[in-house]
Amino acid sequence: MKVFTALYGLADAADRARELRDAGAHGVATFEGPHDVFAPLTLAATVGGLDLMTNVAIAFPRNPIHLAHQANDHQLLSGGRFMLGLGTQIRPQIEKRFGAQFDRPVARMTELIAALRAIFEAWNTGARLDFRGDYYRHTLMTPTFNPGPNPYGAPPIFVGALGPRLTRATAEHADGLLVMPFGSKRFLQTNTLPAVRAGLQASGRRPEDFTVIPEIIVSAGDTEEASAQAAAGTRRLLSFYGSTPAYRPVLAAHGWEDLQPELNAMSKQGRWQEMAGLIDDDIMHTIAACGTPKEIAAHIRDRLDGVSDTVFLYQAAPIGLSTLAELIDELK
């Protein structure tokens, strides 16, 4: 099994990427957070033997030309080891933090993928750029701004999705799906995969033409104290995710849907510590992979059996390198 893990930090990104590679990681990915999502990968591209991925770059505040240049440059810097992961985020973040438009997110994301493909085609084949959509319009590409053919080809496009409409659209139009970390084996089987199959059927593609990368929240520690801290952090993370209406279907798949509005109300009251107390062991061990490296690996293998040979280890806090290496060995 191939293992991706998170690349945190900025100035030390290359050193950290090297440590993660030496621990056995196949690839690293960055999140949108206090730093730009691409900058650490620019540094990590100097480290050989690692795939690189944005997980995810928030799409709508960025123009397709900006995204295409960033993706194309990282494909060049990494020697063809870059994957462009895109996400929609949620309406308040897009409208209030970025000051961008969020209406019809599925249609907008679908068109953005098409715009990226048109730009990559113009660069790689010399075809005239003539993309005209409802949200994006690209009809000019002069030699000054054209990087020309990429010797490694256009980077693959992945989309992070949870709901059925975006999941289906991703399977129909993108190269791969990033399965959101707040999930479970049951939700994957009963909600996600049927939408993937429907999207592939609509596009006339085979399952082997599409890559599914599930993200799984992992709770582990090098010591008993570290394990306890990791568990507490995981409960806080799950309560944060669970408070968001978009994730209610995951809870509903297990009969826990009433928890979502309760967590949401508490979040609006600023009762963050109390929220974590509502995440019992059953919820935690269903959504997250917890325990020793052997126990975590068993959870992941059971959840992904027949689904994917790649997993992204989502961590509430960075796992110690020795524990991470042991976990990767168990998965391999």
Side-chain angles (χ1 to χ4, degrees), residues 4-21 25-90 93-94 97-100 108-109 112-113 115-120 122-124 136 138 141 145-161 170 174-178 180-181 211 213 215 310 312-315 318:
F4 276 76
T5 190
L7 181 64
Y8 297 102
L10 180 60
D12 64 343
D15 291 338
R16 180 62 177 173
R18 193 172 293 107
E19 291 176 343
L20 294 171
R21 179 200 62 189
H26 181 270
V28 295
T30 50
F31 298 99
E32 289 274 14
H35 301 293
D36 177 75
V37 71
F38 289 98
L41 297 178
T42 305
L43 300 176
T46 62
V47 179
L50 273 179
D51 286 349
L52 310 175
M53 176 171 61
T54 52
N55 186 18
V56 291
I58 305 306
F60 300 155
R62 293 179 167 95
N63 183 280
I65 287 287
H66 292 140
L67 285 168
H69 277 293
Q70 287 276 37
N72 190 69
D73 286 350
H74 282 82
Q75 181 79 324
L76 285 169
L77 289 172
S78 65
R81 294 176 285 113
F82 179 75
M83 294 175 281
L84 177 63
L86 301 174
T88 61
Q89 248 293 353
I90 58 175
Q93 291 287 332
I94 297 300
R97 180 159 67 97
F98 289 105
R108 188 181 292 269
M109 179 63 80
L112 189 146
I113 293 170
L116 284 170
R117 296 209 190 281
I119 295 164
F120 289 146
W123 290 348
N124 283 286
Y136 305 105
H138 303 283
M141 182 54 60
F145 306 107
N146 188 336
N150 191 314
Y152 306 104
I157 302 169
F158 284 67
V159 175
T170 298
D175 298 300
L177 169 70
L178 299 171
M180 303 304 286
T211 302
I213 302 182
E215 306 174 54
T310 303
F312 180 87
L313 304 180
Y314 189 107
Q315 305 155 52

Checklist entry - Is any side-chain heavy atom of L178 less than 4.5 Å from a side-chain heavy atom of V56? => result yes

Checklist entry - R97 side chain to I94 main-chain N or O, any donor-acceptor pair under 3.5 Å? => result no

Checklist entry - What heavy-atom pair brings M109 and A59 nearest, and what distance separates the two atoms? => result CE-CB, 3.8 Å

Checklist entry - Does the side chain of I58 reach to within under 4.5 Å of the side chain of Q93, using non-hydrogen atoms? => result no

Checklist entry - Taking C-beta and beyond as the side chain, do L67 and F38 meet within less than 4.5 Å on heavy atoms? => result yes

Checklist entry - For A6 and L20, which heavy atoms make the closest approach, and how far apart are they? => result O-CD1, 3.6 Å

Checklist entry - Under the side-chain contact (heavy atoms from CB on, under 4.5 Å) test, which residues partner H26, sequence neighbours left out? => result K2, F4, D51

Item to check | All side-chain contact (heavy atoms from CB on, under 4.5 Å) counterparts of A174, not counting sequence neighbours | outcome: I113, V159, T170

Checklist outcome for this item: By ring-ring contact (aromatic ring centres under 6.0 Å, His included), F82 pairs with (sequence neighbours left out) H74

Item to check | Contact summary for L177 and F158, nearest pair of heavy atoms | outcome: N-CD2, 3.8 Å

Item to check | Intermediate values then yes/no, side chain to side chain contact (heavy atoms under 4.5 Å, CB included), L41 and L43 | outcome: CA-CA 5 Å; L41 297 178; L43 300 176; over 6 Å; no

Item to check | Heavy-atom pair with the smallest gap, counting every atom of A68 and F120 | outcome: O-CE2, 3.7 Å

Item to check | side chain to side chain donor-acceptor pair (under 3.5 Å) partners of D73, counting only residues at least two apart | outcome: none

Item to check | Parallel, tilted or perpendicular, as decided by the 30° and 60° cut-offs, for the rings of Y314 and F312 | outcome: perpendicular

Checklist outcome for this item: Taking every heavy atom of L84 against every heavy atom of L116, the minimum-distance pair comes out as CD2-CD1, 3.9 Å

Checklist outcome for this item: Hits for side chain to side chain donor-acceptor pair (under 3.5 Å) against R62, two or more places apart or cross-chain, chain-then-number order -> E32

Item to check | Any side-chain heavy-atom pair of P40 and R16 under 4.5 Å | outcome: no

Item to check | Closest approach of A25 to T5 (non-hydrogen atoms, all atoms of both residues) | outcome: CB-CG2, 4.2 Å

For residues 8-15, please give each side-chain donor-acceptor pair under 3.5 Å, one per line with the distance, not counting sequence neighbours.
{"unit_1": "Y8", "atom_1": "OH", "unit_2": "Q315", "atom_2": "O", "d": "3.0"}
{"unit_1": "D15", "atom_1": "OD1", "unit_2": "R18", "atom_2": "NH1", "d": "3.2"}

Next on the checklist: Any heavy-atom pair between the side chains of V47 and V28 that's under 4.5 Å?
Outcome noted: no

Next on the checklist: Going by the rule side-chain contact (heavy atoms from CB on, under 4.5 Å), which residues pair with N150 if we only count those two or more places apart in sequence or in a different chain?
Outcome noted: N72, Q75, L76, N124, Y152

Checklist entry - For E215, which residues count as a side chain to side chain donor-acceptor pair (under 3.5 Å) partner, sequence neighbours excluded? => result N55

Checklist entry - R21: what forms a salt bridge (Lys or Arg N to Asp or Glu O under 4.0 Å) with it, not counting sequence neighbours? => result none

Checklist entry - Once you round to the nearest 0.5 Å, how far does CG of L50 lie from CG of L7? => result 9.0 Å

Checklist entry - Taking only residues two or more places apart in sequence or in another chain, which ones pass ring-ring contact (aromatic ring centres under 6.0 Å, His included) with H69? => result W123

Checklist entry - Side-chain contact, heavy-atom cut-off 4.5 Å: Y136 with R108? => result yes

